[in-house]
Amino acid sequence: DAGVIQSPRHEVTEMGQEVTLRCKPISGHDYLFWYRQTMMRGLELLIYFNNNVPIDDSGMPEDRFSAKMPNASFSTLKIQPSEPRDSAVYFCASSSDYSNQPQHFGDGTRLSIL
Amino acid sequence: SQKIEQNSEALNIQEGKTATLTCNYTNYSPAYLQWYRQDPGRGPVFLLLIRENEKEKRKERLKVTFDTTLKQSLFHITASQPADSATYLCALGTGTASKLTFGTGTRLQVTL
């Protein structure tokens with residue numbers, strides 16, 4: 001079975017540019033999560049969706065960040081405008097709609113903002 | 001404030017020994033706790049889940065304990081191998097919403 005697929009794997013762009021990260025969750029999973037990982041702060045939850053509806057976006061750092069899930073097989077995380085402090089690895093994960101289920105992670109997008 | 005603490009120092013052990021990693025938490029009432037393994041350049045991979053009413057869980061060479069009085073989970077790898085070298089993350093779940101809060105991880109290095 002295909003796992004969670006993220007694209008691109010690496011993104012290098014200049015400050016001020018718009019960045020769009022993409023995620024395809026595992027088919028049949030009802031939850032989708034976006035995380036950011038840095039050395040200083042570890043793995044932080046940004047936002048998560050249930051059945052394509054955003055449930056908790058309290059981790060989104062500021063208005064420059066937005067996430068959408070137009071259908072069950074696709075989600076985007078957008079940063080506009082990007083800043084150097086947004087440099088991190090961004091992970092997408094999905095899980096099934098049962099209590100206590102493990103999350104399945106993609107291999108992340110390494111984002112560098114110059 | 002809520003806090004999840006894992007030893008930020010790398011743990012170096014010799015092959016064949018038992019590795020023990022610690023996860024401490026404050027100001028949480030977790031319903032369950034999960035452990036994940038992360039290799040460089042990869043996403044975390046689920047290993048084990050333990051619920052608040054369970055004291056211990058085992059899977060092959062892995063063992064997890066959960067003490068809600070001490071607010072601590074211990075993760076053991078017996079007969080460790082160089083292939084066990086990775087960063088190990090604990091994550092707390094507080095309800096049925098599937099939302100997890102992760103610790104910062106402990107890097108394990110197993111040497112020959």
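The sequence lines fix the lettering, A, B, ..., with proteins before strands; numbering per chain opens at 1.
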Q.
Centre-to-centre under 6.0 Å for A/Y48 and A/F33, is that the case here?
A. yes

Q) Has the side chain of A/S82 got a donor or acceptor atom that lies under 3.5 Å from a matching backbone atom of A/Q17? A) yes

Q) Within the distance-only criterion (no hydrogens, no angle test), does the side chain of B/S73 pair as donor or acceptor with the backbone N or O of B/T65 below 3.5 angstrom? A) yes

Q) Can you tell if the side chain of A/I47 reaches within under 4.5 Å of the side chain of A/F65, non-hydrogen atoms only? A) no

Q: May I ask you to list the residues in residues 102-114 of chain A that approach chain B closer than 4.5 angstrom, counting heavy atoms only, ordered by number?
A: A/P102, A/Q103, A/F105, A/G106, A/D107

Q) Can B/Y36 and B/Q34 be counted as having a side-chain donor-acceptor contact under 3.5 angstrom? A) yes

Q. Are side-chain heavy atoms of B/Q72 and B/T22 found at a separation under 4.5 Å?
A. yes

Q. Is chain B contacted by the side chain of A/L43, its backbone, both, or neither, given a heavy-atom distance below 4.5 Å?
A. both

Q: Answer yes or no: is there a donor N or O on one side and an acceptor on the other, between the side chain of B/S85 and the main chain of B/V110, under 3.5 Å?
A: yes

Q) Where does A/N50 contact chain B at under 4.5 Å (heavy atoms): side chain, backbone, both or neither? A) neither

Q. For chain B, which of A/M39, A/Q37, A/R41, A/R9 has the most heavy-atom pairs under 4.5 Å?
A. A/Q37

Q. Would you find more than 12 non-hydrogen atoms of other residues, nucleotides or ligands less than 6.0 Å from B/R42 atom CZ?
A. no

**Q.** Residue B/L100 versus chain A: region with a heavy atom under 4.5 Å
**A.** both

